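See below for the structure under consideration.
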Amino acid sequence: MNSQHDESGTLSILRVALPCPRPSCFDYLPPVGIRREALQPGQRVEVPFGPRRVIGLLWDIAPHARVSPARLRRALRLLDPSPLLPPDLLDLLHWAARYYHHPVGEVVQAALPALLRQGRPPAWREVRRWFPTPETARGCEALDRRAPRQAQALRTLLEHPQGLAETDWPGRPSLAVLRRLEARGLVRCESGPDPGLVPAPPQVPAPAPTLTREQRAALAQLPERGFACHLLEGVTGSGKTEIYLRLIAQCLERGRQALLLVPEIGLTPQLVARLRARLPAPVAVLHSGLGDRERLDAWCLAREGRAGVVLGTRSAVFTPLARPGLFIVDEEHDPSLAQQEGFRYSARDLLVWRARRLGIPVLLGSATPSLESLRNAREGRYGHLRLRRRPGRSRAPARRLIDLRGRPLEAGLSAPAIAALESALAAGEQALVFLNRRGFAPVLLCHDCGWLAACTRCDARYTYHRRAGELRCHHCAAVRPVPRTCPACGSQSLIAVGEGTERLEAHLAERFGPERVLRIDRDTARGRHRLEDLLRRVLSGEPLVLVGTQMLAKGHDFPRLTRVVIAGADQALYSLDFRAGERLAQRIEQVAGRAGRRERPGEVLIQTHFPDHPLLQTLVREGYAGFARQALAERRAAGLPPYAHLALLRAEAPAQEPPEAFLAAARARLESAPMAAPVTLLGPAPAPMARRQGRHRAHLLLLAHRRTALHALLDHALPTLEALPEARRVRWSLDVDPVDLY
Ligand code: ADP
Ligand code: ZN
Ligand code: ZN
């Protein structure tokens with residue numbers, strides 16, 4: 001009994017976050033021989049869990065156990081002599097688990113690289129780098145006859161005065177040989193992290209442009225230290241990234257690290273190159289394409305402070321930093337910054353919280369800020385900086401609505417749209433047709449009996465992919481060959497209705513020649529390198545008509561692009577989701593922003609059957625800022641976010657009835673809980689796509705004017721839901737501040 005007490009006689013109980021969906025931690029006794037002083041939250045421990053051993057994170061140390069002493073087991077070993085995570089990150093995880101009402105174990109899982117979850121030490125791989133010395137040239141001659149292969153190796157090194165990493169040196173001599181050459185002073189060796197992950201910064205950073213007046217004014221208002229959150233609202237191409245670069249450089253000069261979050265990295269190789277060319281410190285990039293080993297390396301380099309800058313997608317919000325000095329979120333409005341499966345969180349909101357906890361500045365940048373951030377700026381919680389024009393002679397492109405009513409269309413394009421593409425090509429420039437629908441056609445139907453090719457597992461139609469000869473469901477992984485005849489009536493007249501990017505590409509290739517048309521979407525850009533090849537072709541500047549999905553909407557800087565056609569805007573205008581209008585306005589503005597980024601003026605044509613729609617009218621006349629003003633007024637009047645706070649309780653099951661039954665029982669629980677301020681419950685109702693991947697889905701929406709009331713209710717009622725008998729028949733989850741209701 002004594003061994004579970006420390007010197008002062010109190011019990012030390014480890015509260016351990018384990019990888020399992022239970023809401024709270026598990027209690028253990030410390031490992032044999034481990035004293036209280038050696039224990040700190042943030043260390044990993046291995047514990048027995050049922051018949052298995054698992055690795056968890058020490059979350060807290062408590063004087064009392066919450067289980068009976070008989071059931072208390074002893075942890076097996078402590079993996080880390082000191083905490084793996086710095087205090088600010090531990091606090092962030094604590095806060096996130098509470099705010100998102102999510103099991104702590106899963107929150108920890110999301111924050112740790114896979115190899116750390118498996119118990120590997122937090123250390124990066126050493127890669128040797130070989131350098132020539134002043135003796136190398138002489139050695140070359142001396143060795144030429146006796147050891148020509150060694151002489152050849154020395155010659156290779158002479159071509160690399162900056163050194164050559166072992167990983168980049170195929171056909172290098174064996175380590176023993178290199179060591180012998182080193183002993184003779186003919187080569188020099190340095191060990192360091194993989195230069196593929198953190199290339200050495202340039203000796204002479206790329207030159208920086210002279211700031212515009214607006215940029216200078218914005219920078220002057222941004223503090224170098226202390227917590228402050230600013231929204232940088234700058235039209236596309238106005239030089240926001242240039243401001244990030246200056247701020248990061250200042251931060252590095254103070255000896256601190258900067259963390260920059262972006263929605264997607266694979267789509268913007270230009271940004272990575274720009275940061276690395278300009279900044280005098282190693283830039284580590286954290287994205288989903290990294291292998292486990294590379295991810296751990298980059299994570300450790302950030303934690304040790306070797307990476308001066310970390311650029312990452314949403315999960316990089318959990319990167320530990322030795323000397324944090326600045327946080328930036330680019331495209332802060334983008335839904336990809338929110339994790340929408342499992343542990344659902346907003347990386348932007350978490351980063352702002354973390355900046356406040358650390359007392360450092362955070363900057364949110366966008367050409368089309370979210371209404372949430374705009375409200376915060378309006379009410380003074382965030383500073384608001386604007387960049388209204390592009391530097392130099394580049395101007396925001398002119399926007400024009402094309403009334404499609406009654407017009408003949410070719411593959412969905414009107415005559416003015418085709419004429420715009422034609423004139424771009426004739427001028428040796430590039431044009432972009434934006435259509436956010438992959439595949440050849442969204443519908444395949446039988447002309448004789450009306451049969452529609454529909455997914456059997458989702459409430460969705462198959463998309464017809466002609467080149468692949470397949471029908472694909474874009475909501476699940478279902479793929480099937482295209483039938484030759486109608487499965488219902490045997491007719492051979494199956495027709496493809498509507499346009500996808502593949503059909504548009506085919507049509508334009510016929511009109512302008514295949515060498516003048518380039519489609520960029522997830523189907524043509526499989527794998528990261530393919531996308532880079534496609535983008536390189538665009539950047540080469542040859543006259544081209546690009547056909548693309550939202551993959552082309554974000555961040556790219558195409559100097560020769562002057563015309564943009566937005567092929568179909570109408571679907572979102574009448575969507576049930578209250579955010580559809582905001583998303584459409586953001587997308588139009590972002591796509592439009594690809595045009596005319598240099599001297600040549602740009603033109604944007606928006607095709608619609610609803611040219612009088614107020615959203616489109618405001619957007620064309622007043623731009624995004626005008627749209628946002630109007631949208632905020634509407635949201636306030638309707639009592640919707642950002643003037644209300646939402647949580648969405650989702651349930652799904654193979655059968656139709658259990659999700660609704662569970663949500664009805666949940667609703668009863670919520671209604672009987674004490675409410676400090678009103679929380680409106682809407683539902684249960686079928687989800688907008690009621691069946692997906694073979695599962696029936698239903699929702700219960702919670703809406704409150706006051707965030708605290710919503711969270712108090714969830715705190716009170718949520719823990720009781722798992723015990724409902726109806727819970728056993730469904731999979732359920734909670735989404736706090738959901739980004740879509742889909
Ligand atoms: P954003 O991030 O707002 O889209 P960028 O920072 O990428 O804008 O700037 C758009 C283009 O303008 C880039 O090619 C950039 O190099 C250039 N640029 C930015 N600031 C200036 C400036 N002050 N003077 C000249 N060119 C600039
Ligand atoms: Zn038929
Ligand atoms: Zn499907």
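Indexing begins at 1, ligand by ligand and atom by atom, following the structure's order. Keep in mind the model is a prediction, meaning the values are calculated, not measured.
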salt_bridge([X], [Y]) N-O dist < 4.0 Å:
| X | Y | value |
| --- | --- | --- |
| R579 | E372 | yes |
| E589 | R399 | yes |
| E499 | R437 | no |
| R729 | E657 | yes |
| R400 | E603 | yes |
| R278 | E242 | yes |

>> Which residue in the set T501, D523, D521, T524 passes side chain to side chain donor-acceptor pair (under 3.5 Å) when paired with R438?
In response: D523
> Can you list the steps and then say if E224 with R256 is a salt bridge (charged side-chain N to carboxylate O under 4.0 Å, His left out)?
Replying inline: CA-CA 11 Å; E224 289 201 17; R256 309 244 140 213; over 6 Å; no
>> Side chains of E332 and S370: any donor to acceptor distance under 3.5 Å?
In response: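 Present: a donor and an acceptor within the cut-off.
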Would you give the length of the straight line joining atom [atom1] of [X] to atom [atom2] of [Y], rounded to the nearest 0.5 angstrom?
| X | Y | atom1 | atom2 | result |
| --- | --- | --- | --- | --- |
| R216 | R246 | CZ | CZ | 10.0 Å |
| H333 | L374 | NE2 | CG | 11.5 Å |
| I520 | L552 | CD1 | CG | 4.5 Å |

>> With 2.8 Å as the threshold, which protein atoms of type N, O or S lie near the Zn ion (ligand 2)? Leave waters out.
In response: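 Listed by chain and number, the nearby protein N, O or S atoms are C446 SG, C449 SG, C486 SG, C489 SG.
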> At a 4.0 angstrom heavy-atom cut-off, what protein residues surround ligand 1?
Replying inline: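 Contacting ligand 1 under 4.0 Å are P209, T210, L211, T212, Q215, V235, G237, S238, G239, K240, T241, E242, R274, P391, D557, R597, R598.
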Show me the donor-acceptor pairs, under 3.5 Å and distance only, between side chains in residues 687-695 and residues at least two apart or in other chains.
from, atom 1, to, atom 2, distance (Å)
R691, NH1, T456, O, 2.9
R691, NH2, T456, O, 3.0
Q693, NE2, H475, O, 3.2
R695, NE, E652, OE2, 2.7

> From the Zn ion (ligand 3), how many protein N/O/S atoms are found at a distance short of 2.8 Å?
Replying inline: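 Considering protein N, O and S only, the Zn ion (ligand 3) has 4 within range.
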